[in-house]
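Keep in mind that the numbers below use all heavy atoms, side chains included, and drop hydrogens, waters and symmetry copies. These numbers were taken from a predicted model, which means no experiment stands behind them.
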Amino acid sequence: MDAPLSPASPATLPTVAVVGLGTMGTGIAEVLARAGREVIGIDVSEAAAKQAVAALEASTARAVRRERLTEDERRDVLARFRTFTDLQAAADADLVIEVAPESYEIKQQIFRELDTVVRPETILATGTNALSVTRLAADSARPERVLGLHFFNPAPAMKLVEVVSSVLTAPTAVAAVTDLALELGKEPVAVGDRPGFVADGLLFGYLNQAAAMYEAKYASREDIDAAMKLGCGLPMGPLALLDLIGIDTARTVLDAMYAESRDRLHAPAPVLKQLSEAGLTGRKSGRGFYTYTEPGSSEVVRDALTPLAGEAVAGARTIRSVGVAGSGTMASGIAEVFAKAGYDVVLAARSEEKAEKAKSRIGKSLSRSIDKGRMTPEAAAQTLDRITPAGSYDAFSDVDLALEAVAEDLEIKQQLFGTFDKVCKPGAVLATTTSSLPVVACARATSRPQDVIGMHFFNPAPAMKLVEVVRTVLTGDDVHATVREVCAKIRKHPVDCGDRAGFIVNALLFPYLNNAIKMVEEHYATLDDIDDAMKLGGGYPMGPFELLDVVGLDVSLAIEKVLHREFRDPGLAPAPLLEHLVAAGCLGRKTGRGFREYARR
């Protein structure tokens, strides 16, 4: 993506030196040159300096072809970028941005040399995302002029810039680089000095847990990545993202985070060390969690772990009719999904009135689909006709698949499965949509635990493509095969996982949300800055506090408690602030107040 070209002459820090011309340094240099700065690129490698010039020539030529730059503007941009191999070239810089490898030794050496080269008022910025800015500043002759300026890759495209202050940093230096970031068309977020800052501080804990989940053989790499993309709307799955970032880089960041926090969630998963030491560092080496066509390529190729595409499901039972138990949004959404796919659906609730109301909700949903041109009136009418409301679960006597979507309460679900056991015919598959309770506990409430499986749909079920298929130690192979086949017929993407708290999505999502709350508790960053950081720096569709208020703080707390109880990890203990808000009745959008206040409807 091409960087925006800022109009007018630069008002803030007109001459900037960039030390380290790898991918990030070259990207930062491009942003600065296109925004009118005189850019001094410095790298000990002459080859790296030449490559940086070639990269800028290529990107600006592309911008001319796309009519985002004129040829004259392109010549001006290229003229503003000069490269050198000696730090002496930074003598006239107003700002120096260091983007050298993540090593205290290397960075401290650079800062010591810069102290003897630059003017007293020159600001020195480190681009680190893992090392202590305070420690780097303390070794400088002018610590008040040292701060962190953390761009995100690719720098021309990514809007977020974290401005990192240490306890030694002068406010005037922070103000100057914040103004610069705004003039570059970026969105600066002010943060304190701790490993990972905001975006990476939250992101890398999540990535580490995903790596540990894969290492434990709980789910395949493809299923972990698909679950987080489809379940959370993320642009990339965590293991593919680790390959992009570099597994060695991720390990360095996590080591730094763990050294400070001693939180086991930050202790690098052993698989990261094993891959790093084997040279399997991700895309840049051609192999990491996935295998690529060549080093530096983004194209994934088959390897020994790649599942066979379109593999036939063997031993599946025949499913013609489906019973859905419940009358809420999830139950009606699931009934709509099955009816759209051509299944006859019995929608049963505790009363005929509740079942009719749920069917009416489906009718309104189908009407919206007609209004949006996604369905014809005839198809909608046929779909609705396939749904039979019932006020008793006795209506499930002839269904091939009985699926519950009732309250997330184990006692209620167990009672319902006891009812299923009595009314459903032999050979019927019995499924729960639980998102946090043990599926095996539902199975044990029946005399046929081999027929019980988890099918965790995501809300809204008609729109969300993911279904987590949860096998217990008792689930029959034919039942698992049946549910996989059914998912294909209802056009959902199934991911396999075992019967443990959170399955895939919630087990990775809620510790990340909990850690965001802890950041606010510690007054490290504001709600708005954290939300902006994750949307702009991580590509998340919603910031963590936006998402918490949508999900419901009571629901979030319940899931956090389940995760903490199962895994016994102190780092998973619910943040006290979350517990206090729930106790105060501040549950998010549904009550008008959660982490933020909302207008009452």
> Just checking, is any N or O donor in the side chain of Tyr292 or Asp243 under 3.5 Å from an acceptor N or O on the other one?
Replying inline: yes
> Are there more than 12 heavy atoms of other residues, nucleotides or ligands under 6.0 Å from atom CG of Asp569?
Replying inline: yes
> Are the side chain of Thr169 and the backbone N or O of Val146 linked by a donor-acceptor pair below 3.5 Å?
Replying inline: yes
>> Which residues pass the salt bridge (charged side-chain N to carboxylate O under 4.0 Å, His left out) test with Arg287, not counting sequence neighbours?
In response: none
>> With a sphere of 6.0 Å drawn around CD of Gln51, does it hold more than 12 non-hydrogen atoms of other residues, nucleotides or ligands?
In response: no
> Does Lys107 reach the main-chain N or O of Glu98 with its side chain, forming a donor-acceptor pair under 3.5 Å?
Replying inline: no
>> Can you confirm whether Glu215 is buried at CD, in the sense that more than 12 heavy atoms of other residues, nucleotides or ligands lie under 6.0 Å from that atom?
In response: yes
>> His150: which residues meet the ring-ring contact (aromatic ring centres under 6.0 Å, His included) condition with it, sequence neighbours left out?
In response: Phe152, Phe197
> Going by atom types only, do Tyr258 and Asn208 share a side-chain donor-acceptor pair under 3.5 Å?
Replying inline: no
> Is the closest side-chain donor-acceptor distance between Thr306 and Arg221 under 3.5 Å?
Replying inline: yes
>> For Arg194, is there an ion pair with Glu522 - N to carboxylate O distance below 4.0 angstrom?
In response: yes
> Quick one: does Val39's side chain get under 4.5 Å of Arg80's, heavy atoms only?
Replying inline: no
> Are side-chain heavy atoms of Leu548 and Ile517 found at a separation under 4.5 Å?
Replying inline: yes
>> Run Ile224 and Tyr218 through side chain to side chain contact (heavy atoms under 4.5 Å, CB included) and show every step you take.
In response: CA-CA 9 Å; Ile224 292 170; Tyr218 175 68; over 6 Å; no
> Just wondering, do Glu546 and Met534 contact through their side chains at under 4.5 Å, heavy atoms?
Replying inline: no
>> Does any part of the side chain of Phe510, heavy atoms only, come nearer than 4.5 Å to the side chain of Val551, both counted from C-beta?
In response: yes
> Heavy atoms, side chains only, cut-off 4.5 Å: are Leu563 and Asn514 in contact?
Replying inline: no
> Do Val198 and Tyr524 come within less than 4.5 Å of each other through their side chains, counting heavy atoms only?
Replying inline: yes
>> Return the CG to OG distance between Leu581 and Ser556, rounded to the nearest 0.5 Å.
In response: 11.0 Å
> Do the charged groups of Arg74 and Glu57 touch, with an N to O distance under 4.0 Å?
Replying inline: no
> Considering only heavy atoms from C-beta outward, does the side chain of Asp43 approach that of Thr83 to under 4.5 Å?
Replying inline: no
>> For Asn129, run the side chain to side chain donor-acceptor pair (under 3.5 Å) check against Thr252, Asn153, Asp200 and tell me which one passes.
In response: Asp200
>> With side chain to side chain contact (heavy atoms under 4.5 Å, CB included) as the test, pick out the partner of Asp94 among Ile123, Thr15, Thr122.
In response: Thr15
> Where is the tightest heavy-atom contact between Pro235 and Gly539, given as atom of each residue plus distance?
Replying inline: CD-O, 3.2 Å
> Stepwise, does the side chain to side chain donor-acceptor pair (under 3.5 Å) test hold for Ser132 with Asp193?
Replying inline: CA-CA 6 Å; Ser132 167; Asp193 182 25; 3.2 Å; yes
>> Show the nearest heavy-atom pair for residues Lys284 and Thr249, with the distance to one decimal.
In response: NZ-OG1, 3.8 Å
> For the residue pair Tyr512 and Tyr206, does the interplanar ring angle fall in the parallel (under 30°), tilted (30 to 60°) or perpendicular (over 60°) class?
Replying inline: tilted
>> Under 3.5 Å, is there a donor on one side chain and an acceptor on the other for Asp303 and Thr291?
In response: yes
>> Determine whether Leu160 and Val189 satisfy the following criterion, side chain to side chain contact (heavy atoms under 4.5 Å, CB included), listing intermediate values before the conclusion.
In response: CA-CA 7 Å; Leu160 181 66; Val189 169; 3.5 Å; yes
> Side chains of Glu105 and Gln109: donor-acceptor distance under 3.5 Å anywhere?
Replying inline: no
> How about Glu67: does its CD atom have over 12 heavy atoms from other parts shown lying under 6.0 Å from it?
Replying inline: no
>> How close do Ala48 and Ser45 get, counting heavy atoms only, and between which atoms?
In response: N-OG, 3.0 Å
> Do Leu136 and Gln108 come within less than 4.5 Å of each other through their side chains, counting heavy atoms only?
Replying inline: yes
> Looking at CG of Leu553 and NZ of Lys590, how far apart are the two atoms once the value is rounded to the nearest 0.5 Å?
Replying inline: 8.5 Å
>> Restricting to non-hydrogen atoms, name the atom on Asp115 and the atom on Asp139 that form the minimum distance, rounded to 0.1 Å.
In response: OD2-O, 4.3 Å
